[in-house]
Amino acid sequence: MTVPVMPRLILLVLPLFLSTHAQHIAQLARIIQDQNHNHSHLVSLSLNNEFFSFDELLEVVDIARGDGLSPDCKEDMGALVKARLGIFEYPEFAEQVWMPMRDSAGKFHQAILKGHIYFAGHFSECVLINVKMTGRDRSFKADYFKIDVDAAFQPNVKNGSCQVSDLGAVIGWSFGVCLPASCSSAELESLFIAETAKHNPVCAVHRTNDSIDPLDAGFYVTVSIMGGIFALCISSGLADFFFSDFLSDKAVSKSLLWRLFMSFSLYSNVASIFDTSASKKDGQIAPIHCIRFFSMCWVVLGHMTGSVTSVIANPFDVLHLTKDLTTEFILNAYFSVDSFFFVGGLLLTFLWFKSFYRNPKQTNSRGAWLMFYIHRIIRLSAPYFMMILFYAFVLPQMYRDSPFNLNLLTQVDFCKETWWLEFTYLHNIIDSTKQCLGYNWYLATDMQIFFFTPIIIIPLALKPVIGFIVAAIIFAISSALNIFLVYHYHWPSTMSFIGASDPEMTDFEDYDLYMYMSPIIRCQVYIIGMLVGWFLQTKKRMRINPVINVTLWILTFALGLTLILGLHSQTTGTLIPIFWRSMYSAFSKPAWALVLSWIVISCYYGYGGPINSFMSWHIWVPLGRLSYCGYLVHYPIIYLTLSEIHDENYFSSFIDFVIRSLIPLIAITYFVSIFWSACFEISFGKMEMLLLGGHRMSALKTENLNKQRKPSNSKVEEDAEYGKIRL
């Protein structure tokens with residue numbers, strides 16, 4: 001290996017899917033590049049395959065200086081040091097302890113030029129060592145440790161060695177080794193890092209469960225709440241399944257308490273998810289569920305690809321995929337979030353104006369607007385809040401006894417510090433660099449946009465021209481701010497900028513706060529969705545010339561592919577001029593909304609042909625309904641899946657990745673989301689309807705009660721229909 005080649009390859013991976021692992025590799029490369037005086041030594045070690053080994057680790061140990069060790073640890077480490085010299089104190093030690101410990105230790109070997117910096121060894125073999133020793137009353141039990149060594153294998157006492165990254169990790173090579181379970185990482189670190197005359201590059205020692213906190217009140221409270229709700233759902237479901245017919249004509253079935261109990265019925269709630277009868281009614285936006293499902297799959301693809309680079313031994317092989325044009329579908333998975341923004345705005349105005357055109361004064365009353373906000377917060381918060389608690393207090397405990405808790409993905413965790421902030425829906429603005437559920441910035445941004453939607457809805461309802469003017473002004477401000485930020489900071493056209501980057505770029509650490517998660521920037525797509533929803537509800541029928549229809553479909557596909565594939569030259573190393581970067585940054589998302597707009601409009605008015613038939617397929621209905629809870633649960637499932645990788649794992653091909661990882665992950669995500677939705681989303685939504693539904697209807701009626709004395713024959717049906725709306 002020639003060292004100049006390695007840093008050159010590693011520096012290319014700096015922004016690799018925003019992986020913390022890639023950032024660590026890049027910093028490691030810079031240190032090696034700076035150690036010019038040590039290049040010849042590094043090359044000679046590589047040629048002779050003598051970088052570091054389990055034996056060399058034990059060689060630096062001076063057991064006589066281990067006064068800080070516990071008696072059991074000192075005894076076990078002493079036995080290991082003697083075993084390295086060929087002295088075995090116990091008859092079982094050589095075959096049952098020493099050999100499997102050496103065999104399971106990570107060794108400096110292949111794929112170094114492919115970004116291999118953590119030589120994990122064989123975790124499963126190590127943790128099975130638990131041998132009863134003849135001549136002593138205590139078994140010899142081993143555990144898995146990670147040893148960090150200096151990037152250039154310098155002695156740890158030398159100035160400039162054992163540098164630490166911005167993420168708090170040692171910038172160097174790491175090895176998985178098997179050491180006595182009787183020793184803590186602190187004891188071994190003091191022993192291995194102790195000053196010695198021998199060459200000692202050891203910087204840090206980590207034990208498998210060091211980062212796992214003891215079970216605390218947060219864990220027990222969360223498990224109790226979740227367990228109680230799941231138990232309630234199961235018991236309610238059983239009662240619903242076995243006794244609902246018997247009690248249907250009894251007074252108890254009409255009582256509020258029984259109906260509240262039934263709102264948690266797992267049986268009924270799951271059945272409602274898979275009920276597709278309503279989708280066949282006229283006036284439905286049929287493609288919506290299909291758009292939701294494939295957008296969710298796109299989200300999982302992007303997040304899984306970014307996360308898997310942290311657990312594979314050859315991350316550069318993933319980077320090489322970027323040479324292929326189709327990789328842009330992964331790098332531009334950000335459009336999937338814009339699809340959700342578009343759908344949110346579309347359904348909001350489509351349903352609101354449906355009620356408004358039936359009961360204008362009632363729908364636009366002060367009480368109705370109050371319930372407009374209350375309903376939204378209650379509906380979204382129950383499943384979301386439960387995920388915050390689960391993610392912060394329960395999920396880390398599920399990594400216990402897995403080497404995954406030594407990974408940088410789990411080391412950078414701010415949940416204990418900021419979990420409560422996510423309850424406010426302000427975590428994309430306040431302490432945005434310390435988010436607990438980083439992927440849930442979308443919910444905060446979406447909620448903040450939603451709170452200001454009446455600024456557009458009310459003018460649209462009173463005088464559409466004014467509504468369009470207001471929407472255009474907000475859109476123009478958003479676009480201008482986007483362009484200004486790109487010019488001012490020389491930022492890239494998107495968050496993913498593998499390849500060429502502007503050498504004048506500054507303050508990219510603020511990109512998330514000011515650009516990616518900012519509601520004023522992301523509102524463009526939401527506004528377009530709102531206007532399309534208003535249009536569909538206002539214009540019940542529309543004739544489209546066949547030639548125009550086909551032409552617009554062709555332009556729609558061309559525009560969509562251009563948006564996704566258009567930055568490939570940047571990915572492969574061409575720096576895009578700042579003018580075009582700013583134009584793409586400001587208008588690519590609205591252009592994506594136009595793609596979705598035509599798909600929805602054409603299909604809604606019956607001009608979608610086979611595309612509409614496919615997107616209106618009833619199978620997408622339950623999958624679309626589960627997209628919200630699927631979004632909530634997909635990241636914990638990604639992490640739990642990765643935590644089951646105990647030994648070194650290599651990326652072989654994208655097809656292999658899709659078949660063995662992506663498709664099963666999507667299936668598991670949707671399976672789990674069925675129960676998350678049934679217990680936390682649908683059940684609390686039904687409770688809200690029972691407890692506040694009457695208040696909502698009352699709010700709708702109050703303004704007109706004194707003016708409208710003559711009842712309408714369809715009044716009950718209209719109110720019932722509005723009560724079913726899910727904004």
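Values below: every heavy atom of this structure, side chains too, minus hydrogens, waters and symmetry copies.
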Asks: Drop me the distance from Met530's CE to Thr453's OG1, to the nearest 0.5 angstrom.
Replies: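 These two atoms lie 5.0 Å from each other.
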Asks: With sequence neighbours left out, write down each residue that passes salt bridge (charged side-chain N to carboxylate O under 4.0 Å, His left out) with Arg259, or none if nothing qualifies.
Replies: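 Arg259 satisfies salt bridge (charged side-chain N to carboxylate O under 4.0 Å, His left out) with no residue once adjacent residues are dropped.
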Asks: Measure across Gly630 and Ser673 and return the closest heavy-atom pair with its distance rounded to 0.1 Å.
Replies: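 Minimum heavy-atom separation between Gly630 and Ser673: N-CB, 3.6 Å.
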Asks: Checking Phe587 now: which residues fulfil ring-ring contact (aromatic ring centres under 6.0 Å, His included) with it, not counting sequence neighbours?
Replies: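 Result, ring-ring contact (aromatic ring centres under 6.0 Å, His included) vs Phe587: none returned.
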Asks: Can any side-chain N or O of Asn428 pair as donor or acceptor with the backbone N or O of Met517 at less than 3.5 Å?
Replies: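 Yes.
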Asks: Does any part of the side chain of Leu348, heavy atoms only, come nearer than 4.5 Å to the side chain of Phe450, both counted from C-beta?
Replies: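 They are in side-chain contact.
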Asks: Donor-acceptor pairs are to be reported for all side-chain atoms of residues 230-241 against protein atoms at under 3.5 Å, with residues two or more places apart or in another chain.
Replies:
from, atom 1, to, atom 2, distance (Å)
Ser235, OG, Ala231, O, 3.0
Ser235, OG, Leu232, O, 3.0
Ser236, OG, Phe261, O, 2.6
Ser236, OG, Ser265, N, 3.1
Asp240, OD2, Ser265, OG, 2.8
Asp240, OD2, Ser268, OG, 2.2

Asks: Leu594: what forms a side-chain contact (heavy atoms from CB on, under 4.5 Å) with it, not counting sequence neighbours?
Replies: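 side-chain contact (heavy atoms from CB on, under 4.5 Å) check on Leu594 returns nothing, list empty.
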Asks: Under the salt bridge (charged side-chain N to carboxylate O under 4.0 Å, His left out) test, which residues partner Asp656, sequence neighbours left out?
Replies: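 So Asp656 forms a salt bridge (charged side-chain N to carboxylate O under 4.0 Å, His left out) with Arg660.
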Asks: Looking at side-chain heavy atoms only, is the closest gap between Ile564 and Phe329 below 4.5 Å?
Replies: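 A side-chain contact under 4.5 Å exists here.
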Asks: Show me the donor-acceptor pairs, under 3.5 Å and distance only, between side chains in residues 435-443 and residues at least two apart or in other chains.
Replies:
from, atom 1, to, atom 2, distance (Å)
Gln435, NE2, Ser432, O, 3.1
Tyr439, OH, Leu632, O, 2.4

Asks: Are a donor atom and an acceptor atom from the side chains of Thr327 and Thr322 found within less than 3.5 Å of each other?
Replies: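 Their side chains do not contain a donor-acceptor pair, so the 3.5 Å distance test is not met.
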Asks: Could you tell me whether a side-chain N or O of Gln524 sits under 3.5 Å from a main-chain N or O of Pro590, the two making a donor and an acceptor?
Replies: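 No: the side chain of Gln524 does not pair with the backbone of Pro590.
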Asks: Could you tell me if Ser616 and Asn612 have a donor-acceptor pair between their side chains, going purely by distance under 3.5 Å?
Replies: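 Judged by distance alone, the side chains do pair up.
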Asks: Locate the shortest heavy-atom distance separating Trp534 from Thr538; write the atom from each residue and the value.
Replies: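 Looking at all heavy atoms of both residues, the shortest contact is O-OG1, 2.7 Å.
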Asks: Is there side-chain contact between Phe335 and Leu596, with heavy atoms separated by less than 4.5 Å?
Replies: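 Side chain of Phe335 against side chain of Leu596, heavy atoms only: no contact under 4.5 Å found.
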Asks: Can you list everything that forms a disulfide (SG to SG under 2.5 Å) with Cys603? Sequence neighbours excluded, please.
Replies: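 Here no residue qualifies.
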Asks: Any chance you could measure Ile521, atom CD1, to Cys523, atom SG, to the nearest 0.5 Å?
Replies: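 Going from CD1 on Ile521 over to SG on Cys523, the span is 7.5 Å.
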Asks: Is the closest side-chain heavy-atom distance between Asn359 and Asn364 below 4.5 Å?
Replies: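 A side-chain contact under 4.5 Å is absent here.
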Asks: Please report the interatomic distance CD1(Ile638) to OG(Ser307), rounded to the nearest 0.5 Å.
Replies: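 If we round to the nearest 0.5 Å, Ile638:CD1 and Ser307:OG are 5.0 Å apart.
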Asks: Please report the C-alpha distance between Phe342 and Tyr526 in whole Å, then the side-chain angles of each, then the deciding distance to 0.1 Å, and finally whether the ring pair (Phe, Tyr, Trp, His ring centres under 6.0 Å) criterion is met.
Replies: CA-CA 5 Å; Phe342 173 83; Tyr526 204 98; 9.7 Å; no
Asks: Any side chain to side chain donor-acceptor pair (under 3.5 Å) pairs touching residues 633-643, not counting sequence neighbours?
Replies: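 Side chain to side chain donor-acceptor pair (under 3.5 Å) check on residues 633-643 returns His303-His634.
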Asks: How many angstroms lie between atom CZ of Phe274 and atom CD1 of Ile619, to the nearest 0.5 angstrom?
Replies: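 Answer for the CZ-CD1 pair, Phe274 versus Ile619, is 10.0 Å.
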Asks: Could you go step by step and tell me if Ser339 and Trp298 meet the side chain to side chain donor-acceptor pair (under 3.5 Å) rule?
Replies: CA-CA 10 Å; Ser339 298; Trp298 206 359; over 6 Å; no
Asks: May I ask you to test the Thr445-Phe341 pair for a side-chain heavy-atom distance under 4.5 Å?
Replies: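 A side-chain contact exists here, since the closest heavy-atom pair is under 4.5 Å.
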Asks: Work out which heavy atom in Ile601 is nearest to a heavy atom in Met542; give both atom names and the distance.
Replies: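 Looks like CG2-CE, 3.8 Å.
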Asks: Any side-chain to backbone donor/acceptor pair from Ser336 onto Ala333? Under 3.5 Å, distance only.
Replies: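 Confirmed, Ser336 side chain pairs with Ala333 backbone.
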Asks: Tell me every residue that passes salt bridge (charged side-chain N to carboxylate O under 4.0 Å, His left out) with Glu681, counting only those two or more places apart in sequence or in another chain.
Replies: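 For Glu681 the salt bridge (charged side-chain N to carboxylate O under 4.0 Å, His left out) partners, ignoring immediate neighbours, are Arg379.
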Asks: I'd like to know if the side chain of Thr309 and the backbone of Pro315 have a donor-acceptor N/O pair within less than 3.5 Å.
Replies: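 Not at all, since once roles are kept as given, no pair shorter than 3.5 Å links the two residues.
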Asks: Please check this pair: side chain of Tyr650 against backbone of Ile312, looking for a donor-acceptor N/O pair closer than 3.5 Å.
Replies: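 Checked: no pair found.
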Asks: Using salt bridge (charged side-chain N to carboxylate O under 4.0 Å, His left out) as the criterion, list what pairs up with Arg522, not counting sequence neighbours.
Replies: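 Residues passing salt bridge (charged side-chain N to carboxylate O under 4.0 Å, His left out) with Arg522: Asp338.
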Asks: Any side-chain to backbone donor/acceptor pair from Thr571 onto Leu567? Under 3.5 Å, distance only.
Replies: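 Confirmed, Thr571 side chain pairs with Leu567 backbone.
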Asks: So for atom NZ, which belongs to Lys323, do other residues, nucleotides or ligands contribute more than 12 heavy atoms lying within a distance under 6.0 Å?
Replies: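 For Lys323, atom NZ is not crowded (no more than 12 foreign heavy atoms under 6.0 Å).
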Asks: Tell me, please, whether Tyr605 has Arg541 positioned over its six-membered ring: NZ or CZ under 6.0 Å from the ring centre and within 45 degrees of its axis?
Replies: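 No, Arg541 and Tyr605 do not form such a contact.
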Asks: Classify the angle between the aromatic ring planes of Trp352 and Phe356 as parallel (below 30°), tilted (30 to 60°) or perpendicular (above 60°).
Replies: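 The rings of Trp352 and Phe356 lie parallel, inter-plane angle below 30°.
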Asks: Using ring-ring contact (aromatic ring centres under 6.0 Å, His included) as the criterion, list what pairs up with Tyr384, not counting sequence neighbours.
Replies: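 For Tyr384, the residues satisfying ring-ring contact (aromatic ring centres under 6.0 Å, His included) (neighbours in sequence not counted) are Tyr425.
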Asks: Is the count of non-hydrogen atoms from other residues, nucleotides or ligands lying under 6.0 Å from Asp245 atom CG greater than 12?
Replies: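 No - once you tally the heavy atoms of other residues, nucleotides and ligands closer than 6.0 Å, there are 12 at most.
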Asks: Indicate yes or no for a side-chain donor-acceptor contact from Ser518 to the backbone of Met515 under 3.5 Å, with no hydrogens or angles considered.
Replies: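 Answer holds: no.
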Asks: Without swapping roles, check the side chain of Asn549 against the backbone of Ile544 for a donor-acceptor pair under 3.5 Å.
Replies: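 Not confirmed, Asn549 side chain does not pair with Ile544 backbone.
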Asks: Quick check on Trp369: does its CH2 atom have over 12 non-hydrogen neighbours (other residues, nucleotides or ligands) under 6.0 Å away?
Replies: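 Enclosed: over 12 neighbouring heavy atoms sit under 6.0 Å from CH2 of Trp369.
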Asks: Is the side chain of Ser602 donor-acceptor paired with the backbone N or O of Trp598 at a distance under 3.5 Å, no angle test?
Replies: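 The answer is no, because no donor-acceptor pair under 3.5 Å joins these two groups.
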Asks: Would a distance-only check, ignoring hydrogens and angles, find a side-chain to backbone donor-acceptor pair under 3.5 Å from Ser588 to Leu563?
Replies: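 Between the backbone of Leu563 and the side chain of Ser588 there is no qualifying donor-acceptor contact (under 3.5 Å).
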Asks: How long is the gap from CZ on Phe651 to NE2 on His320, to the nearest 0.5 Å?
Replies: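 These two atoms lie 11.0 Å from each other.
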Asks: Evaluate the side-chain proximity of Thr669 to Tyr631: yes if any heavy-atom separation is below 4.5 Å, no if none is.
Replies: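 No; the side chains remain at least 4.5 Å from each other.
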Asks: Is the number of heavy atoms from other residues, nucleotides or ligands under 6.0 Å of Phe452 CZ greater than 12?
Replies: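 12 or below, so no.
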Asks: Can you check whether Met398 reaches Phe390 side chain to side chain, under 4.5 Å on heavy atoms?
Replies: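 Answer yes - side chains close enough.
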Asks: Any idea which heavy atoms bring Ile285 and Leu536 closest together, and the distance?
Replies: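 Here Ile285 and Leu536 meet closest at CD1-CD1, 3.9 Å.
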Asks: Ignoring hydrogens, what is the shortest heavy-atom contact between Trp553 and Gly608? Give both atom names and the distance.
Replies: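 Scanning both residues, the minimum pair turns out to be CZ2-CA, 4.0 Å.
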Asks: Mind checking whether Pro636 and Met387 have side chains closer than 4.5 Å, heavy atoms only?
Replies: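 Yes, their side chains come closer than 4.5 Å.
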Asks: If I compare all heavy atoms of Tyr628 with all of Pro383, which pair ends up nearest, and what's the gap?
Replies: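 Shortest heavy-atom separation between Tyr628 and Pro383 comes out as CE2-CG, 3.5 Å.
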Asks: If you look only at distance, which donor and acceptor atoms sit under 3.5 Å apart when one is on a side chain in residues 620-627 and the other is two or more places apart or in another chain?
Replies:
from, atom 1, to, atom 2, distance (Å)
Trp620, NE1, Phe614, O, 2.7
Arg625, NH1, Ser272, O, 2.9
Arg625, NH1, Ile273, O, 2.8
Arg625, NH1, Asp275, O, 2.6
Arg625, NH2, Asp275, O, 3.0
Ser627, OG, Gly624, O, 2.8

